[in-house]
Amino acid sequence: MYKLKGYVVFLFCLTLILISVYSCKKQSLEEKAIKIHNHAFTIDTHVDTPYHLLDSSFDIGVYHKFENGRSRVDFPRMKAGGLDGIFFAAFTSQRQRTSENILAARSKANELIDSTYAACKRYENLAEIAISVEDGYRIEKLGKRAIYIGMENGFPLGKDLSEVEAFYNKGVRYITLCHTSNNDICDSSTDEKGAEFNGLSSFGEQVVREMNRLGILVDVSHISDSSFYDVLNITKTPVIASHSCSRAICDNPRNLSDDMLLALAKNGGVVQMCILDDYVKAPDTTTLRYHKEKELRNRYRKAAQISKEEEVKLWAEWRQLQLDYPKEKPTVADAIDHIDHMVKLIGIDHVGIGTDFDGGGGLKDCEDASQMKNITMELLRRNYSEEDIVKIWGGNFMRVFSQVEKYVTEKKDL
Ligand SMILES: [Zn+2]
């Protein structure tokens with residue numbers, strides 16, 4: 001009996017020791033992550049948050065507890081997650097390429113950009129619009145969030161080249177050439193009809209040159225493989241994939257193949273790992289949820305022109321779907337497998353992070369902007385050095401951005 005008691009006490013003590021060793025280790029990892037976030041310039045290069053700004057019940061200056069189907073980004077949550085900069089995407093979905101639809105998309109993109117300016121003006125003590133590399137660092141020093149503007153889908157340009165400069169003047173600093181379907185610029189990686197131009201159209205070639213001339217980053221996320229190689233043949237500056245993963249880790253046409261990643265590195269560009277579940281880990285196609293989601297996506301995609309009311313209805317259905325059929329999301333560890341692979345293949349200087357929050361991005365253990373440190377902690381667990389992590393969290397992206405800016409000033413000096 002005495003012996004048994006002693007054994008129980010021993011086990012109890014051992015458990016206590018193990019728990020305290022584990023929590024110390026976890027704490028020191030968290031402390032290290034916080035330290036890195038405090039001194040690095042960290043940037044997420046793709047979120048679709050501007051759509052939420054059109055909803056008057058959403059207040060970006062207030063800390064929201066994460067709720068499924070609701071926004072994953074607000075200024076206080078960015079601060080809590082140690083995120084200094086972000087690209088708000090002025091996203092427009094692809095519709096039939098009629099002049100009426102192009103004008104509607106243009107006006108929507110402008111509305112999203114204007115809402116972003118208004119949000120930063122309303123909360124000028126929390127955030128500020130950034131249009132250059134220097135802006136980002138300056139705003140970070142002020143303890144505020146640097147809000148850059150990107151444009152997801154070049155559809156609003158129509159076939160009017162002057163619109164590239166018009167959007168540059170509104171602060172747009174990258175354009176994702178297309179979205180899920182082909183447009184007048186190039187073929188998409190996911191258009192069910194397949195290739196239309198076998199890459200970039202001749203208008204698309206002009207768009208890339210114009211973006212180079214003005215200092216807009218060319219974003220190769222979403223575009224087809226042929227479009228990707230066409231862009232690399234034409235661009236005079238390094239490119240970005242603002243939110244893309246590795247196809248070798250998750251076989252999806254939206255992800256970049258090893259050959260594409262090698263070409264991107266050769267171009268000096270950067271791939272920003274996305275945390276959208278289907279791009280991180282192949283989905284289980286046998287579930288009812290998968291089919292319901294697919295049906296909803298198809299309905300949205302096929303609607304050539306939907307009214308504002310119909311769009312609101314579709315978004316509500318989408319939110320309901322998330323509640324009725326919660327999805328088992330991949331984890332941060334699954335996502336970091338992509339970074340591991342890409343770093344091994346193309347080196348530490350060409351990889352970054354673009355979550356796609358509010359556009360589908362979010363993991364089981366990284367649901368919103370307040371949880372960015374979980375990514376850093378996993379990188380530390382896998383023995384990435386502080387210097388490596390600083391590069392991943394923004395150093396690499398800002399290097400490419402600087403080169404794009406430099407190309408413009410050098411051209412002007414000639
Ligand atoms: Zn996207």
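Any value given below was found using the heavy atoms of this structure, including those in side chains, with hydrogens, waters and symmetry copies removed. Atoms within a ligand are numbered from 1 in the order they appear, just like the ligands themselves.
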Subject >> Residue E134 excluded, over 12 heavy atoms near CD under 6.0 Å >> reply: no
Subject >> R95 to F155, cation-pi by 6.0 Å centre distance and 45° axis angle >> reply: no
**OP:** Answer yes or no as to whether an N/O/S atom of E152 is found below 2.8 Å from the Zn ion (ligand 1).
**Re:** yes
Subject >> N, O or S of H46 under 2.8 Å from the Zn ion (ligand 1) >> reply: no
Subject >> Backbone or side-chain N/O/S of H243 under 2.8 Å of the Zn ion (ligand 1) >> reply: yes
Original post:
Heavy-atom count around K329 NZ within 6.0 Å, excluding the residue itself: above 12?
Top reply: yes
**OP:** Would you check if the side chain of D334 reaches a backbone N or O of K281 as a donor-acceptor pair within less than 3.5 Å?
**Re:** no
